Amino acid sequence: MTARNISRFWEWGRKIICVGRNYADHAKELKNAIPTEPVLFLKPPSAYVREGSPILVPLYSSNLHHEVELGVVIGKGGTAIPQSTAMEHVAGYALCLDMTARDIQDECKSKGLPWTLAKAFNTSCPVSDFIPKERIPDPGNVKLWLKVNDQLRQSGCTSQMIFSVPYLISYISDFISLEEGDLILTGTPEGVSAVQEHDELQAGIEDIVMMNFKVERPDH
């Protein structure tokens, strides 16, 4: 098998596993209970979008929210990975946005339906360049921020996460085998809010990485 370039994981990685409500303050701002075990959902690889391409508001949504997150890129696959060796499976990281059609999510929640339409649409997962593992020695203590049109909307630290990166890797791999190139989105701090067409989003992890995206509506 040809060796694949992990630094371009978004071109060939097979799944995006997202963790909801992993920061207590964000759970509270959406009036959700603090979870006792991770809340998981999936995005398909077609959700990826890179700088230079816009975030597209789904035609069916009028309340698109930003959620800035630390993404964990898996470098070595496994099933039932113990927490004690979980970090050996990490190749690196990425700054990610979990774009969420909040109106659709609220509707799905009220009907007891899955969140797929709210979370998995095209361009719902903007990602930065790959960040090698050495650049973030402690993923449990980095600061994330997001601005909309130069106004700070989200600012938080991964030390506020309810479930740590090793815990999430172990928990997920117990029932969903992790594969090289997979991405885990580890949750968002408080401060999520709506974006409009033509808004400019800028997000960063400390001074390690930064990315910019523009919000647009599709033509049809």
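Please read these numbers as outputs of a predicted model, since none were measured by experiment. Throughout, residue positions are numbered sequentially from 1 according to the sequence presented.
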Undergrad: For a quick check under 3.5 Å, do His66 and Gln154 share a side-chain donor-acceptor pair by atom type?
TA: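 Yes, Gln154 and His66 have a side-chain donor paired with an acceptor closer than 3.5 Å.
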Undergrad: With sequence neighbours left out, what residues match Asn122 under side chain to side chain contact (heavy atoms under 4.5 Å, CB included)?
TA: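 Applying side chain to side chain contact (heavy atoms under 4.5 Å, CB included) to Asn122 gives Ser46.
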Undergrad: Contact between Ile104 and Cys108 at the side-chain level, heavy atoms closer than 4.5 Å - yes or no?
TA: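 In contact.
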Undergrad: Within the supplied structure, the quantity of interest is the number of heavy atoms (other residues, nucleotides, ligands) at a distance under 6.0 Å from Lys133 NZ; does it exceed 12?
TA: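 For Lys133, atom NZ is crowded (more than 12 foreign heavy atoms under 6.0 Å).
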Undergrad: Write down the atom of Pro139, the atom of Leu70, and the distance for their closest heavy-atom approach.
TA: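 Looking at all heavy atoms of both residues, the shortest contact is O-CD2, 3.7 Å.
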Undergrad: Ignoring hydrogens, what is the shortest heavy-atom contact between Pro189 and Gln160? Give both atom names and the distance.
TA: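 It is CB-OE1, 4.4 Å.
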Undergrad: Just distance, no hydrogens or angles: give the donor-acceptor pairs under 3.5 Å from side chains in residues 52-61, sequence neighbours left out.
TA:
from	atom 1	to	atom 2	distance (Å)
Tyr60	OH	Leu117	O	2.7
Ser61	OG	Asn63	N	3.2
Ser61	OG	Asp103	OD1	2.8

Undergrad: Using the side chain to side chain contact (heavy atoms under 4.5 Å, CB included) criterion, which residues pair with Ser173? Sequence neighbours excluded.
TA: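 Ser173 satisfies side chain to side chain contact (heavy atoms under 4.5 Å, CB included) with Ile81, Leu178 once adjacent residues are dropped.
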Undergrad: Is it true that a side-chain atom of Asp199 and a backbone atom of Val148 form a donor plus acceptor pair closer than 3.5 Å?
TA: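 The answer is no, because no donor-acceptor pair under 3.5 Å joins these two groups.
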Undergrad: Evaluate side-chain contact (heavy atoms from CB on, under 4.5 Å) for Met99 paired with Glu67, printing each intermediate quantity in order.
TA: CA-CA 6 Å; Met99 300 305 296; Glu67 298 189 1; over 6 Å; no
Undergrad: Apply the test side-chain contact (heavy atoms from CB on, under 4.5 Å) to residues Val165 and Met87: give CA-CA distance (whole Å), side-chain angles for both, the deciding distance (0.1 Å), then the verdict.
TA: CA-CA 8 Å; Val165 169; Met87 294 308 294; 3.9 Å; yes
Undergrad: Just by modelled atom types, is the Gly71 backbone N or O under 3.5 Å from a matching donor or acceptor in the Thr186 side chain?
TA: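 Between the backbone of Gly71 and the side chain of Thr186 there is no qualifying donor-acceptor contact (under 3.5 Å).
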Undergrad: Name all pairs fulfilling the ring-ring contact (aromatic ring centres under 6.0 Å, His included) condition that reach into residues 152-196, sequence neighbours left out, sorted by first residue then second.
TA: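 Checked against ring-ring contact (aromatic ring centres under 6.0 Å, His included) - neighbours excluded - the pairs reaching residues 152-196 are Phe163-Tyr167, Tyr171-Phe175.
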Undergrad: Tell me the closest heavy-atom pair linking Leu146 and Leu152, and the distance in Å.
TA: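 For Leu146 and Leu152, the tightest heavy-atom pair comes out as O-CD1, 3.6 Å.
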Undergrad: Considering all heavy atoms of both residues, which atom of Leu97 and which atom of Val68 are nearest to each other, and what is their separation?
TA: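 Heavy atoms of Leu97 and Val68 come nearest at CD2-CA, 3.8 Å.
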Undergrad: Report yes or no: does Ser128 contribute a side-chain atom to a donor-acceptor pair with the main-chain N or O of Ala94 at less than 3.5 Å?
TA: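 Absent.
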Undergrad: Short question: side chain of Ser124, backbone of Lys119 - any donor-acceptor pair under 3.5 Å?
TA: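 At least one qualifying donor-acceptor pair exists.
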Undergrad: What's the separation between atom CD in Gln202 and atom NZ in Lys214, rounded to the nearest 0.5 Å?
TA: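 Reported to 0.5 Å precision, the distance equals 14.0 Å.
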Undergrad: Leu144 vs Ser155, test: side-chain contact (heavy atoms from CB on, under 4.5 Å). Steps then yes/no.
TA: CA-CA 6 Å; Leu144 310 172; Ser155 178; over 6 Å; no
Undergrad: Between Val39 and Ile34, is there a shared hydrophobic cluster once you connect ILVMFWY residues whose side-chain heavy atoms come closer than 4.5 Å?
TA: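 No.
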Undergrad: Under a single-linkage rule joining Ile, Leu, Val, Met, Phe, Trp and Tyr whose side-chain heavy atoms are separated by less than 4.5 Å, which residues share a cluster with Leu185?
TA: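 Its cluster partners, ordered by chain and number, are Ile6, Phe9, Trp10, Trp12, Ile16, Tyr48, Val73, Val127, Phe130, Leu183.
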Undergrad: If a pair satisfies ring-ring contact (aromatic ring centres under 6.0 Å, His included) and one of its residues is in residues 91-122, list it, with sequence neighbours excluded.
TA: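 Checked against ring-ring contact (aromatic ring centres under 6.0 Å, His included) - neighbours excluded - the pairs reaching residues 91-122 are Phe41-Trp115.
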Undergrad: Distance-only, no hydrogens or angles: does the Glu69 side chain make a donor-acceptor pair with backbone N or O of Gly187 under 3.5 Å?
TA: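 Yes.
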Undergrad: Quick one, Leu42 and Cys18 - any side-chain contact, counting heavy atoms below 4.5 Å?
TA: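 Result no, sub-4.5 Å side-chain heavy-atom pair not found.
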Undergrad: For Glu179, does its backbone N or O pair with a side-chain atom of Asp182 as donor and acceptor, under 3.5 Å?
TA: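 It does hold such a pair.
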Undergrad: For Arg135, which residues count as a salt bridge (charged side-chain N to carboxylate O under 4.0 Å, His left out) partner, sequence neighbours excluded?
TA: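 Applying salt bridge (charged side-chain N to carboxylate O under 4.0 Å, His left out) to Arg135 gives none.
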Undergrad: Got a sec, which residues hit side chain to side chain contact (heavy atoms under 4.5 Å, CB included) with Thr79, two or more places apart in sequence or on another chain?
TA: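 Expected list: Ser177.
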Undergrad: Before giving the answer on side-chain contact (heavy atoms from CB on, under 4.5 Å), spell out for Leu113 and Glu107 the whole-Å C-alpha distance, their side-chain angles and the decisive distance to 0.1 Å.
TA: CA-CA 8 Å; Leu113 296 172; Glu107 200 178 300; over 6 Å; no
Undergrad: Which residues pass the ring-ring contact (aromatic ring centres under 6.0 Å, His included) test with Trp145, not counting sequence neighbours?
TA: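 Partners of Trp145 under the ring-ring contact (aromatic ring centres under 6.0 Å, His included) test: none.
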Undergrad: Return yes if some donor-acceptor pair links the side-chain N/O of His89 with the main-chain N/O of Gly77 below 3.5 Å, else return no.
TA: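 Side chain of His89 to backbone of Gly77, a donor-acceptor pair under 3.5 Å: yes, one is there.
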Undergrad: Thinking salt bridges, do Arg4 and Glu180 make one under a 4.0 Å N-O criterion?
TA: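 Counted as a salt bridge, because a side-chain N and a carboxylate O are separated by less than 4.0 Å.
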Undergrad: What residues, two or more places apart in sequence or in another chain, satisfy salt bridge (charged side-chain N to carboxylate O under 4.0 Å, His left out) together with Arg217?
TA: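 So Arg217 forms no salt bridge (charged side-chain N to carboxylate O under 4.0 Å, His left out) with any residue.
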Undergrad: Sequence neighbours excluded, which residues qualify as side chain to side chain contact (heavy atoms under 4.5 Å, CB included) partners of Glu51?
TA: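 Checked Glu51 against side chain to side chain contact (heavy atoms under 4.5 Å, CB included); matches are Met211, Asn212, Phe213.
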Undergrad: Can you sort out the partners of Lys43 under salt bridge (charged side-chain N to carboxylate O under 4.0 Å, His left out), two or more places apart, ordered by chain and number?
TA: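 By the salt bridge (charged side-chain N to carboxylate O under 4.0 Å, His left out) rule, Lys43 matches Asp98.
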